[in-house]
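Note sheet for the following structure.
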Amino acid sequence: MTAIVQKYGGSSLASVEKIKSVAKRVINEKEKGNDVVVVVSAMGKTTDYLVNLSKEISHNTNKRDMDVLLSTGEQISIALLSMAINDLGYDAISFTGFQAGIKTDGVHTKNKIVDIEIEKIKEYLKEGKIVVVAGFQGINNKGDITTLGRGGSDTTAVAIAAKLGCECNIYTDVDGIYSVDPRVYFRAKKLKNISYQEMIAMSSLGAGVMETRAVEIGYKYNVPIYVASSSEYITGTYIKEYEKEMEEQVIKGIAIDDNIYMITIGKVLLNSNNIARIIERLGEENVNIDMISQSSPQNGYVNLSFTVCKDDLNSVCKVIDEIKLEIEEMIIDIKSNLSKVSVVGLGMMNQSDMIGKMFRVLSNNNIEFKQFTTSEISVSYTLDDKDKEVAVAALAREFNL
Ligand code: ADP
Ligand code: ASP
Ligand code: MG
């Protein structure tokens, strides 16, 4: 029998009706003669609700406790989906991450899967059961419950598929991967295929349709990932190995990341120890620094600017408060309401005129950006939220996305 992993996201499980409808889709897959593992997220906006609930208790929550709290969302989904499948006369069994043997390592709320003891899942598949696994969670070597970071159910699904050596189908509220988030640019085109490398860039730059690590695991273990609608049976998008035919399109898509904050630490005495100290402390607090730049020295002082996402803002403020005690003259400026818009395409590697075209498009549309950065296959701009839609539409038109 061929195994298949299906994953359903929160919006696809947001109500009892939706869970019942997912149960039918799972059974449909089983009826095709496949061994089915289903990975589920928490229902609807449950995880956001739990995060907000914790904030009502404290703004300084212990991350171990956060993991205990956040993992409960997925536990509800596995039980309900398993009940719905059993109710339709099929044999399902539900597993939390711990029960499914998902081993993790790292810091609480940002754990990584290091191994899956897959034999247990295999045994139940052999018995003909549909195995329902909680996404987004695992257990560390201390025996503590851990979570994988927001959107982490995708990672659970692809990691299980890698272990089983099978395909992973990600079912969601959009019917495939588009050149641009269709909620931001409704003219965006659905892609038939996208390479792992391009999808990794798109996801890491803000295209939340797939979690970045999930695609990285897919790339590493060559797991075909298919992204499609959880409500309709229409063709979706394959994320797969780069093929020659994909080369035709130089630019594949635009990724958008909202809720970007730009922190400027001004009047830092130019002294490599000061800069090292700031960056080091941010690293120790697990802050993901994105774009970073340093102004040229003036009277022996420099300004250091970097961007972070909303989730890391509290940790950044904590570090700044500490450093201020050491470097007293420092001036801090935090800019909010910023977005990052990134143009992505493997073909950019060989076409140096592309970057010039992007700058021209933004200039012709009077869009100013605060910072920009490039990689081999992407160019990113930090700009005011209010300019985001115009910038995206202009770039999409230019590159026929
Ligand atoms: P799930 O709850 O199923 O995990 P997500 O909300 O994580 O779903 O991902 C689906 C959403 O990703 C879509 O509703 C869509 O707005 C957004 N998205 C962002 N970029 C893209 C893109 N390039 N193509 C398709 N959807 C995208
Ligand atoms: N429930 C978690 C979240 O909302 C994990 C996931 O949906 O993939 O981030
Ligand atoms: Mg998701």
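Order of appearance sets the numbers: ligands from 1, and atoms from 1 within every ligand.
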S363 side-chain N/O to F359 backbone N/O, donor-acceptor pair under 3.5 Å: no
Selection residues 273-282 - residue pairs positive for side-chain hydrogen bond (donor to acceptor under 3.5 Å, both in side chains), sequence neighbours left out: R277-E326, R281-E284, R281-E285, R281-E322
Could you pull out every N or O of ligand 2 that sits under 3.5 Å from a protein N or O, with the distance for each pair?
unit_1	atom_1	unit_2	atom_2	d
ligand 2	1 (N)	T47	OG1	2.8
ligand 2	1 (N)	E74	OE2	2.7
ligand 2	4 (O)	T47	OG1	3.3
ligand 2	4 (O)	R150	NH2	3.0
ligand 2	7 (O)	S41	OG	3.2
ligand 2	8 (O)	G151	O	3.4
ligand 2	8 (O)	G152	N	3.4
ligand 2	8 (O)	S153	N	3.0
ligand 2	8 (O)	S153	OG	3.1
ligand 2	9 (O)	R150	NE	2.7
ligand 2	9 (O)	G151	N	2.8

Closest protein heavy atom (residue, atom, distance) for atom 4 (O) of ligand 1: K7 NZ, 3.1 Å
Atom of L191, atom of S179 and distance for their closest heavy-atom approach: CG-N, 4.0 Å
Polar contact flag for D181 and ligand 1 (N/O pairs, less than 3.5 Å): yes
Ligand 1-proximal atoms of P182, by part, heavy-atom distance under 4.0 Å: side chain
Subset of ligand 1 atoms that lie under 4.0 Å from at least one heavy atom of D173: 10 (C), 11 (C), 13 (C), 14 (O)
Atom 27 (C) of ligand 1 - nearest protein heavy atom and its distance: V209 CB, 3.5 Å
Atoms in ligand 1 flagged as close to V174, the criterion being non-hydrogen separation under 4.0 Å: 13 (C), 25 (C), 26 (N)
Check: M199 and Y219 side chains under 4.5 Å, non-hydrogen atoms: no
N60, CG: over 12 other non-hydrogen atoms inside 6.0 angstrom: no
Protein contact to atom 23 (N) of ligand 1 [nearest heavy atom, distance to 0.1 Å]: Y178 O, 2.9 Å
Test item: protein heavy atom less than 4.0 Å from atom 6 (O) of ligand 1: no
Close-contact set for ligand 1 against T172 heavy atoms, below 4.0 Å: 1 (P), 3 (O), 8 (O), 9 (O), 10 (C)
Whether Y238 and Y226 hold their rings parallel, tilted or perpendicular, with breakpoints at 30° and 60°: tilted
G208 heavy atom under 4.0 Å from ligand 1: yes
Short side-chain to backbone donor-acceptor contact, E74 and A42, under 3.5 Å: yes
Enumerated ligand 1 atoms positioned under 4.0 Å from heavy atoms of I177: 24 (N)
Contacting atoms of ligand 1, where contact means under 4.0 angstrom from a heavy atom of R183: 13 (C), 14 (O), 16 (O)
Sub-4.0 Å heavy-atom approach of G176 to ligand 1: yes
Side chain to side chain donor-acceptor pair (under 3.5 Å) assessment of Q371 paired with T307: CA-CA 9 Å; Q371 274 186 326; T307 57; 4.6 Å; no
Contact (N/O only, under 3.5 Å) between G10 and ligand 1: yes
Closest approach of V287 to S315 (non-hydrogen atoms, all atoms of both residues): CG2-CB, 3.6 Å
